[in-house]
Amino acid sequence: MLCGALPLTVYWVAYVALSATALSGPARFERVAAALGEPRWAGVGLGVLVALVALHGGARLRTLLPLGSGEPSRPPGAAWRHGLQRLSGLVLVPYLALHLYTFWWLRYSSAVAPHELYALLAARWSTTNELGLPVDAGFELLGVAAASYHAGVGLSRAGVSLGGAMTEQAERRAGRLGAGLGWLCFLFGSWTVLHLATGGLGLP
C-alpha cells in the first residue's frame, strides 16, 4: 500500500496546491500551466500517474483475492471509514480518468495550450444542462471530495503501517493528521472549482 498510496497522496496535495493558483487569476495559473504543461513534462506526468494508479489499484485488488494477504485488521468502529474509503475509490476511477485526459493528455497531445486551460476549465464547470444543473462542476466537486478523503485516510493508515506497533494515542494523532490533510485539500480544491465555475470567490 505504501508504495502507491503515499506517492498518490503527495501528487494530490501538489495538484491541489498548483490548481489553487487559479484563485489569484488566470495569469498566475497560466504561468504554472506553462511551466509544467510542456508536452514532454506532460508525458512524464501522464506516465507517472498511470503507473501509481495501477500500482495502488493492484495492491488493493490483491487484498481481495483468495491468495492475497487479506485486509489488515481494523479497530472496532473503523468499519464505516473502511466502507467510505472503498466508496471513494470507486468514485476516483472515472474522476482520475477525466483528470488524466484534461490535465495531462490534452497537454501531451498539444490539443490545449497552457493559456487555454483556465478558460477551458471555467467554461466546463460553469456550464449547466437543460435542467440548469452544473453537472460537470458537481462531478468535479464529488471527485475532489473523494480524492481528499481517500488521501487523508490513506495517509493515516500509512502512518500506522510505518509506525509498526503504535500506541492508541499515536494512532489517534495519525488519524487527526490524515483528517486535517483531507479537509485542507477539500477546502482549497472545492474553492478552486467554485471560483472557476462562478468567476468569483477568488483571492484579492
Minimum heavy-atom distance C185-V144, with the two atoms named = O-CG1, 4.3 Å

Under a 4.5 Å cut-off applied to non-hydrogen side-chain atoms, are L121 and F103 in contact?
-> yes

Rounded to the nearest 0.5 Å, the OG atom of S19 sits from the NE2 atom of H195 at a distance of 11.5 Å

Look at the aromatic rings of F186 and W183 and report parallel, tilted or perpendicular, splitting at 30° and 60°.
-> perpendicular

Contact check, side chains of H150 and L8, non-hydrogen atoms, under 4.5 Å = no

Ignoring hydrogens and angles, tell me if any N or O in the side chain of T102 forms a donor-acceptor pair with the backbone of H99 under 3.5 Å.
-> no

Report yes or no: do V13 and L177 belong to one cluster of Ile/Leu/Val/Met/Phe/Trp/Tyr joined by side chain heavy-atom distances under 4.5 Å?
-> yes

Just by modelled atom types, is the E30 backbone N or O under 3.5 Å from a matching donor or acceptor in the H115 side chain?
-> no

Give me the other members of the hydrophobic cluster that L131 sits in, counting Ile, Leu, Val, Met, Phe, Trp and Tyr linked by side-chain heavy atoms under 4.5 Å, directly or via other members.
-> L133, V135

Will you find, in the side chains of T21 and R31, an N or O donor that is under 3.5 Å from an N or O acceptor?
-> no

First locate atom OG1 of T192, then atom CG of L23, and finally report the distance between them rounded to the nearest 0.5 Å.
-> 4.0 Å

Which heavy atom of A33 sits nearest a heavy atom of P114, and at what distance?
-> C-CB, 3.9 Å

Stepwise side-chain contact (heavy atoms from CB on, under 4.5 Å) test for L181 and T9 | CA-CA 10 Å; L181 176 73; T9 298; 3.7 Å; yes

By ring-ring contact (aromatic ring centres under 6.0 Å, His included), which residues pair with Y118, not counting sequence neighbours?
-> F29

Examine L142 and Y101 and state if one hydrophobic cluster contains both, with Ile, Leu, Val, Met, Phe, Trp and Tyr joined whenever side-chain heavy atoms are less than 4.5 Å apart.
-> no

Can you name the one residue among L120, L141, V193 that meets side chain to side chain contact (heavy atoms under 4.5 Å, CB included) with W125?
-> V193

Given the rule that I, L, V, M, F, W and Y join up when any side-chain heavy atoms are under 4.5 Å apart, are V93 and W104 in one cluster?
-> no

Looking only at atom types and distance, does a side-chain atom of E116 sit under 3.5 Å from a main-chain N or O of A113, one as donor and one as acceptor?
-> yes

Parallel, tilted or perpendicular: ring planes of W12 versus Y95, cut at 30 and 60 degrees = perpendicular

Do L98 and F139 have side chains that get closer than 4.5 Å, going by heavy atoms?
-> yes

Roughly how far, to the nearest 0.5 Å, is the CG atom of L18 from the OH atom of Y15?
-> 9.5 Å

Where S126 and A122 come nearest, the two heavy atoms and their spacing | OG-O, 2.6 Å

Would you sort out whether Y149 and L84 count as a side-chain contact (heavy atoms from CB on, under 4.5 Å), showing the intermediate values?
-> CA-CA 8 Å; Y149 180 83; L84 280 178; 3.5 Å; yes

